[in-house]
Amino acid sequence: MADEIPRRALKVTDPRALRAYAHPLRMRLIGLLRGEGPMTATQAAARLDDNVPNCSFHLRQLAKYGFAERVPGADARERPWRATTQYTSWDDDSDDPAMREATDQINSVMVGIYLQRAQDYLAIRADEPAEWRAAAGFGDALLHVTATELREVTEQIDALLARYDERLADPTKRPPGSRPVTIVQMALPRGVVPPPETAAGDGS
């Protein structure tokens, strides 16, 4: 069907494309298309409390770099947009200075978006049913792991979340009472590992 989002992930390797994606409104637009399905720029503007020309411009920019595309609509007046893939990924370990700069930029934008979502939730949390207040919330954990172990942890988390992937594209798979929930994942190493020659405390 035209409104189904392909299940594959888009791996971005071009720093220009990554910088184009690293825009708060563009990331919100893609999130909206992935979460709610195809919609026109007019519908997206209403959902995001923005104006139509602005959303139209940014949707075209997303399409230019392969993040969004047009699909047939109910009539010929305005064709809706859809996300081309359900996920976007990129490598944070590139040796290319341009790619490192682009990943820093997009990660910074993501932190700002997630912070705003957290603040929006806190603003309405008191109105949530008790069962949802108990299920949702904030937390963290401190681990002492190697880089390999940390990658294993994140892969296990990804595998757990992937169990719910089919519900993204197929609303019939969603159980009664389910709601969209944002799970934010951040693995932030603390401090700097000392070089071997100073780790033993040689007094230098």
Side-chain angles (χ1 to χ4, degrees), residues 3 5 9-10 12 18-62 67-68 80-83 85-90 92 102-143 153-154 157-158 160-190:
D3 60 348
I5 301 175
L10 175 63
V12 184
L18 201 58
R19 287 196 300 271
Y21 188 46
H23 184 284
L25 180 56
R26 293 176 191 175
M27 297 186 76
R28 291 175 67 206
L29 283 165
I30 288 297
L32 185 64
L33 296 179
R34 287 172 174 167
E36 301 190 16
M39 63 181 62
T40 65
T42 299
Q43 293 168 328
R47 290 285 287 106
L48 299 179
D49 193 25
D50 209 301
N51 63 74
V52 176
N54 199 33
C55 287
S56 294
F57 169 78
H58 288 294
L59 284 165
R60 290 194 300 271
Q61 291 300 304
L62 288 166
F67 298 104
W81 297 87
R82 76 168 178 179
T85 59
Q86 194 62 62
Y87 299 102
T88 304
S89 65
W90 54 87
D92 277 318
T103 56
D104 286 347
Q105 181 180 349
I106 196 168
N107 288 330
S108 178
V109 171
M110 289 176 63
V111 168
I113 290 174
Y114 294 146
L115 177 59
Q116 185 60 56
R117 287 182 182 175
Q119 293 172 334
D120 291 345
Y121 170 70
L122 288 176
I124 55 91
R125 182 178 182 276
D127 299 324
E128 288 283 348
E131 62 176 345
W132 282 98
R133 293 200 306 272
F138 304 86
D140 63 357
L142 178 62
L143 309 178
V153 170
T154 57
I157 294 172
D158 290 342
L160 175 62
L161 298 179
R163 290 164 47 185
Y164 303 92
D165 277 357
E166 64 179 4
R167 300 182 185 182
L168 294 172
D170 187 354
T172 65
K173 301 290 186 180
R174 302 168 190 171
S178 64
R179 294 169 57 180
V181 175
T182 298
I183 303 292
V184 179
Q185 180 180 331
M186 293 189 290
L188 309 175
R190 292 171 55 175

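Taking CE of Met39 as the reference point, atom CG of Leu29 lies at 9.5 Å (rounded to 0.5 Å). Between the CD1 atom in Ile106 and the CG atom in Leu18 there is a gap of 4.5 Å [rounded to 0.5 Å]. Note: Thr182 OG1 to Tyr114 OH = 7.5 Å, rounded to the nearest 0.5 Å. With rounding to the nearest 0.5 angstrom, the CZ atom of Phe138 is 7.0 Å from the OH atom of Tyr121. Atom CZ of Arg34 and atom OH of Tyr87 lie 9.0 Å apart (nearest 0.5 Å). Separation of atoms NE2 (His23) and CD1 (Ile113) is listed at 10.0 Å; rounding is to 0.5 Å.
Counting only distance, with no hydrogens or angles, the side chain of Arg174 and the backbone of Leu168 share a donor-acceptor pair below 3.5 Å. Panel note: side chain Arg82, backbone Leu33; no donor-acceptor pair is recorded below 3.5 Å. In terms of modelled atom types and a separation under 3.5 Å, the side chain of Asp170 and the main chain of Glu166 share no donor-acceptor contact.
Nearest heavy-atom pair across Trp81 and Ala68 is CE3-CB, 4.3 Å. Taking all atoms of both residues into account, the shortest heavy-atom contact from Thr40 to Gln43 is N-OE1, 2.8 Å. Nearest heavy atom pair, residue Ala22 against residue Met27, reads CA-SD, 4.4 Å.
Taking the six-membered ring for Trp and thresholds of 30 and 60 degrees, Tyr21 and Trp90 have ring planes more than 60 degrees apart, a perpendicular arrangement.
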Donor-acceptor pairs are to be reported for all side-chain atoms of residues 47-60 against protein atoms at under 3.5 Å, with residues two or more places apart or in another chain.
residue	atom	partner	partner atom	Å
Arg47	NE	Glu36	OE1	3.1
Arg47	NE	Glu36	OE2	3.3
Arg47	NH2	Glu36	OE2	2.1
Asp50	OD1	Asn54	ND2	3.1
Asn51	OD1	Asn54	N	2.7
Asn54	OD1	His58	NE2	3.4
Ser56	OG	Val52	O	3.0
His58	ND1	Arg26	NE	2.8
His58	ND1	Arg26	NH2	3.4

Using the side-chain contact (heavy atoms from CB on, under 4.5 Å) rule, take Gln86 and Asp165 through it: C-alpha gap first, then chi angles, then the decisive distance, then the call.
CA-CA 9 Å; Gln86 194 62 62; Asp165 277 357; over 6 Å; no
